[in-house]
Every structure is written in structure tokens, then in C-alpha cells.
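Numbered from 1 within each chain, the chains take letters A, B, ... in sequence-line order. Everything numeric in this text was worked out from a predicted model, so none of it was measured.
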Amino acid sequence: MKIASWNVNSLRVRLPHVTEWLQLNQPDVLAIQETKTVDEDFPVAAFEALGYRAVFSGQKTYNGVALVSRIAAADVLTDPPNLEDPQRRVLAGTFGDIRVVDVYVPNGSEVGSEKYAYKLDWLARMRVFLADELVRHPKLIVLGDFNITPDDRDVHDPAAWHEKILCSTPERQAFRDWLGLGLSDAFRLFDQAENSFSWWDYRAAGFRRNLGLRIDHILLSQPLAAACTSCEIDKTPRKLERPSDHAPVLAIIDGV
DNA sequence: ATGGTCGGTAACCGA
């Protein structure tokens, strides 16, 4: 199985990049975040033309998640029972015996802000949901835009970002708490180049200067981590005209 | 030079 995650920052604007990337990479499942597209406007036909199915949970202007896949998703879920969140940030689906949970974790804006408190509460509530998912689905993939750098290796300038949003200790602890459920950060199962990032600010030529953060992740439960043969960030689409500010992350899991 | 750019939507907010 080939599975990928990509925050596209508006599916309407990025559709040409996404369809081109799908054709080139042929993943079995692509988890998308920040579609910024209401369900009525989701471009189902563009994906069906490529032999892909899609399920989605969108809203106006903000957020929005989708799962684009070779086979249709079963047991689709948009609202974890204990989350009580009107924002469209979660989409779960089952493919064969593999459960996939696409997440768009709140950004948090600024440490100490109201949005930051919402982020930490959201992460804690989702942890409870994921613990339950893991009981029902030993083969679990949790992927998406986490808006968290797991540690300083994932930050271009750790001193400048020290205890800043996306890098604060409580956010990193919440990330570790998710790993503590029995999940592995697929990217760190392998040797990686230093300064590997998945997001670069549009401002200040961040991409050209590689001033980035690694905040997009693929987490694998134990049986899937054991079968994972690669995990990479594909910077190619970030180099295109009018790119998303995020690059896709891609993992290959053998024999499933 | 302590800012900068996007996207959505219609004056700014969110990232």
C-alpha cells in the first residue's frame, strides 16, 4: 500500500497539482487537508476520471478534509463521538482491513491564545478517540497536517522557534501522547536528510531558503510500521507555480 | 531593513 498526506491549501486552486501528482505517484490513498471546499462543490468527477473514489467533509472558507482512494472507503466517519467540533478536521475510512484517519489539527495561532487552548483540548479529545480506534483496528494509519514539530530536528531555526506555536512543549507532549497509543512516526523509521521539512512559509522566500518545519506526518500502528519500507517528503510540487505551502508526505507499506 | 504571501471573500481573518 502506498499512502500519502497533503495539505493543499484550497483544493479549487490546487486541483491541477493534485491530479498531476496522483497520476505520477499512483497512491492507493491520498489524505487531503484544507480543501476549503463545501461538499456540494467537491470535484468528484476530476478524481473519478483518474480511477479514484473520494469521500470528503468540507465547510465554507476554512478547513475541510478528504480521502481520495483506489477502492471505496467503508465505515466513513466525520465526527468522533467525544470531539463535538463543528470544524471539519477529521475524516476516517476503512480500506480492506486498514483504518485510515485523516486529521487537520488546529494551528493554534499563538501559545497562550484561545485557539491554542482549543488545539490542546482537540488533541486530548482525539487521543481518546484514537485509542478506541486502535482497539477496533490493529492496522491503523493516522495522517495529516498535525501543525506540530515533533522535535527540534524538524525546525529550521530551533532557537527562533523555541516554545513558539507548532513547537511548544505541550504540543510536542500531545504528539508523544498519540505515539504512546502504539503509533510510530513513519518518517523517523528511516534515515533522513537533515533539514527535511514539509511546510515552508510563503513569505520571505521560505522555500528557496529551506526555512521550513516538518508538521505533516504519517503515524502507523505496530503491524504497519513493521511492514513500512519507505517514508518520504516529495518537494516536487512545492516548486510549481502557485504551490501549496505544504509538500506531500508518502509512505509505502509492504504486503497490505 | 524584525517585514515579507497566500486563499477566501469582499474588509480583513487565518495560516
- line: Residue pairs passing the side chain to side chain donor-acceptor pair (under 3.5 Å) test with at least one member in residues 126-137 of chain A, sequence neighbours excluded, are A/R99-A/E133, A/D132-A/R136, A/E133-A/R136

- prompt: Should A/K115 be listed as having a side-chain N or O under 4.0 Å from OP1 or OP2 of B/dG14?
  reply: yes

With sequence neighbours left out, write down each residue that passes side chain to side chain donor-acceptor pair (under 3.5 Å) with [X], or none if nothing qualifies.
X	answer
A/K235	none
A/R125	A/D121
A/D152	A/R172
A/N63	A/Q59, A/Q87, A/R89

- request: Could you tell me whether A/E110 atom CD has more than 12 heavy atoms of other residues or ligands within 6.0 Å of it?
  value: no

Could you tell me how far apart [X] ([atom1]) and [N] ([atom2]) are, to the nearest whole angstrom?
X	N	atom1	atom2	value
A/Y104	B/dG7	OH	P	14 Å
A/I165	B/dG14	CD1	C1'	13 Å
A/N63	B/dG14	CG	P	11 Å
A/Q59	B/dG7	CD	P	18 Å
A/E114	B/dG14	CD	P	11 Å
A/K36	B/dC13	NZ	C1'	10 Å
A/Y118	B/dG14	OH	P	12 Å
A/Y62	B/dG7	OH	C1'	10 Å

task: Name all stems that contain residues of DNA chain B, defined as runs of 3 or more consecutive Watson-Crick or G-U wobble pairs, both distances under 3.5 Å.
output: B:5-8 with B:12-15

query: Which is true for A/F207 with a 4.0 Å heavy-atom rule: it touches a base, it touches only sugar-phosphate, or it touches nothing?
result: nothing

- line: A/Y104 meets the ring-ring contact (aromatic ring centres under 6.0 Å, His included) criterion, sequence neighbours left out, with none

Residues in ring-ring contact (aromatic ring centres under 6.0 Å, His included) contact with A/Y62, at least two apart in sequence or another chain: none

task: Assess the side chains of A/N7 and A/W199: does a donor N or O sit below 3.5 Å from an acceptor N or O?
output: no

Please write out the pairs of protein N or O atoms and N or O atoms of nucleotides 2-6 of chain B separated by less than 3.5 Å, giving the distance to one decimal.
none

message: Need to verify one output field. Residue with the more 5' nearest nucleotide on DNA chain B, A/S10 or A/W199?
response: A/S10

Between B/dG4 and B/dC13 - P atom distance, rounded Å: 15 Å

message: Taking B/dG7 as the reference, what is the distance to B/dG3 when you measure between their P atoms (whole Å, please)?
response: 24 Å

